[in-house]
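Single-structure report; data block below.
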Amino acid sequence: MRNTALFSMRNLRLGILSAGALVFLAPYIWMISTAAKSREEIFSSSLTLLPQHWALWENLAKAFTRVPMGQLLLNGLIVCGLIFFFQVVIAIPCAYAMAKLKFRAAQTMMTLVMLGLLIPIHATALPIYVALNKAGMLNSYFALSAPFFISVFGIFLFLQFFRAMPDDLISAARLDGMSELAIVNRVIVPNAWPAVTAFAIFSVVAHWNDLFWPLIVITGTERATPPLGLLFFRAAEAGDDYGALMAATLIITLPLVAAFLLAQRRFIEGITLTGLKG
């Protein structure tokens, strides 16, 4: 009787989760359906999920020919890679210092980190833009990535993760004669990969999908990121070829979906461990 009740509860949870997943996936499924349809079928009176005549390859060809899609994807990889690299290099030592070192300004720094979480990029966009313009650095990878090198969210996430790490591990490293920098490189970082992976998902998704900042500092397709490239694509095809537009959107979103599926286990592990108390 008990096993039957547990089985029923498990099936109920699975059904609820499946229904919720279907709701969240519905826009993406409809995007794929639209990308596989011709223009005439999209604007027809009938509303069907499966296309009657597949035009996916034709729409994909339009996406790659009307804008430099390869360059857009490469720009997105470079910008997200630069941002993530510097964010990790800066955030891990800062979080380690606040989590494991004893100094008077630790509480003040923690307060500043919490306050930093409340300040959006929109509040600082104008002075940063003026500074980059005067320095002649607009339309560059540096202009796209430099304002995000310091991530207060990353510091906060790593701080929670490092607090869960045992102090005995760090004390043993100190007894072995390691400096604090060596402890970070040889003890902290190898044990922080779940948190790094979780933060990587947050960072890459946020900056891959960012349109606000690239729209301000970039004026052409040479350094345009994928979301900005979609605007150029829509302007190039007059905004009514939604099949090709959805095909371009599919190309741009697929790397994020693939990255999340590959890093799913590490992502969940990192988020779970950041909530543990040491």
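Values below: every heavy atom of this structure, side chains too, minus hydrogens, waters and symmetry copies. What you are looking at is a predicted structure, and each value in this text was computed from that prediction instead of being measured.
Listed by first then second residue, pairs satisfying side chain to side chain donor-acceptor pair (under 3.5 Å) with a partner in residues 69-81 read Q71-N75, N75-Y141, not counting sequence neighbours. Residue pairs meeting the salt bridge (charged side-chain N to carboxylate O under 4.0 Å, His left out) criterion with at least one member in residues 88-117, sequence neighbours excluded: K100-D167.
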Self-check item: Full working for side-chain contact (heavy atoms from CB on, under 4.5 Å) between F232 and R66
Solution: CA-CA 9 Å; F232 293 138; R66 291 182 179 175; over 6 Å; no
Exercise. Starting from the C-alpha separation in whole Å, work towards a yes-or-no answer on side-chain contact (heavy atoms from CB on, under 4.5 Å) for V67 and T221.
Key: CA-CA 8 Å; V67 291; T221 58; 5.6 Å; no
Quiz item: After noting the C-alpha distance and the side-chain angles of V196 and F84, does the key distance pass the side-chain contact (heavy atoms from CB on, under 4.5 Å) rule?
Solution: CA-CA 10 Å; V196 172; F84 176 67; 3.8 Å; yes
Exercise. Determine, step by step, whether N59 and K37 satisfy the side-chain contact (heavy atoms from CB on, under 4.5 Å) criterion, reporting the C-alpha distance in whole Å, the side-chain angles of both residues, the deciding distance to 0.1 Å, and the verdict.
Key: CA-CA 8 Å; N59 290 329; K37 295 177 180 179; 5.8 Å; no
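Summarising the geometry of W208 relative to L77, their closest heavy-atom pair is CZ3-N, 3.6 Å, with the distance given to 0.1 Å. Residue V217 comes nearest to Y129 through the heavy atom pair CG1-CD1, 4.2 Å, listed as atom of the first residue, atom of the second, then distance. When all heavy atoms of V187 and M178 are compared, the closest pair comes out as CG2-SD, 4.1 Å. The nearest pair of heavy atoms linking G220 to I218 is O-CG2, 3.2 Å. A pairwise comparison of heavy atoms in A248 and L230 identifies CB-CD2, 3.7 Å as the closest pair. Of all the heavy atoms in I251 and A63, the pair that sits closest is CD1-CB, 3.9 Å.
Not a single donor-acceptor pair under 3.5 Å links the side chain of N139 to the backbone N or O of R223. Of the possible donor and acceptor atoms, one in the side chain of T253 sits under 3.5 Å from a partner among the backbone N and O of T249. Of the possible polar contacts, one joining the W213 side chain to the A143 backbone as a donor-acceptor pair under 3.5 Å is found. Under the 3.5 Å distance criterion, the side-chain polar atoms of E41 are matched with a main-chain donor or acceptor of Q52. Under a 3.5 Å cut-off, the side chain of S33 and the backbone N or O of L49 do form a donor-acceptor pair.
In terms of the ring-ring contact (aromatic ring centres under 6.0 Å, His included) criterion, residue partners of F149 (sequence neighbours excluded) are, by chain and number, F86. Residues forming a side-chain contact (heavy atoms from CB on, under 4.5 Å) with A123 (at least two apart in sequence, or on another chain): I119, P120. Applying the side-chain contact (heavy atoms from CB on, under 4.5 Å) rule to T225 yields the partners V79, L144, P214, P227, L228; only residues at least two apart in sequence or on another chain are considered. The ring-ring contact (aromatic ring centres under 6.0 Å, His included) check on F142 picks up nothing, with sequence neighbours excluded. With sequence neighbours left out, F85 forms a side-chain contact (heavy atoms from CB on, under 4.5 Å) with V89. By the side-chain contact (heavy atoms from CB on, under 4.5 Å) test, S18 is found to be paired with L14, residues two or more places apart in sequence or in another chain being considered. Under the rule for a ring-ring contact (aromatic ring centres under 6.0 Å, His included), H53 has no partner lying at least two apart in sequence or in another chain. Listed by chain and residue number, nothing satisfies the ring-ring contact (aromatic ring centres under 6.0 Å, His included) test with Y28 (two or more places apart in sequence, or in another chain).
Taken together through direct or relayed side-chain contacts under 4.5 Å among Ile, Leu, Val, Met, Phe, Trp and Tyr, L159 and L101 form part of one hydrophobic cluster. If you chain together hydrophobic residues whose side chains sit under 4.5 Å apart, L112 and L117 never meet in one group. No path of Ile, Leu, Val, Met, Phe, Trp and Tyr side chains, each step under 4.5 Å between heavy atoms, connects L22 with F24, placing them in separate hydrophobic clusters. Taking hydrophobic clusters as Ile, Leu, Val, Met, Phe, Trp and Tyr residues chained together by side-chain heavy-atom distances below 4.5 Å, W57 shares a cluster with L254. When the side chains of ILVMFWY residues are joined at heavy-atom separations under 4.5 Å, either directly or via intervening members, M246 and F43 end up in a single hydrophobic cluster.
Hydrophobic cluster membership for L118: L115 (Ile, Leu, Val, Met, Phe, Trp, Tyr linked by side-chain heavy atoms under 4.5 Å, directly or transitively). Cluster partners of L50 are absent, since no Ile, Leu, Val, Met, Phe, Trp or Tyr has side-chain heavy atoms less than 4.5 Å from it.
To the nearest 0.5 angstrom, L73 atom CG is 6.5 Å from F64 atom CZ. Here CG of L12 is found 9.5 Å from CG of L17. Values are rounded to the nearest 0.5 Å. Summarising the geometry, atom CD1 belonging to I183 is positioned 9.5 Å from atom CG belonging to D176; distances are rounded to the nearest 0.5 Å. Taking NE2 from H122 and CD1 from I216, the interatomic distance works out to 8.0 Å, rounded to the nearest 0.5 Å. Here H207 contributes atom NE2 and S145 contributes atom OG; the two are 9.5 Å apart, rounded to the nearest 0.5 Å. A distance of 7.5 Å separates CD1 in I201 from OG1 in T197, rounded to the nearest 0.5 Å.
For the pairing with F199, the ring-ring contact (aromatic ring centres under 6.0 Å, His included) check across W193, F161, F158 returns one residue only, F158.
Taking the six-membered ring where tryptophan is involved, the planes of F153 and F202 are perpendicular, since the angle between them exceeds 60° and thus also 30°.
Summarising the local packing, CD1 of I121 is surrounded by more than 12 heavy atoms from other residues, nucleotides or ligands at distances under 6.0 Å. Sparse packing is recorded around CH2 of W54, with 12 or fewer heavy atoms of other residues, nucleotides or ligands lying under 6.0 Å away. Counting non-hydrogen atoms of other residues, nucleotides and ligands closer than 6.0 Å to CZ of R174 gives a total above 12.
Between I155 and M109 the shortest side-chain heavy-atom distance does not fall below 4.5 Å.
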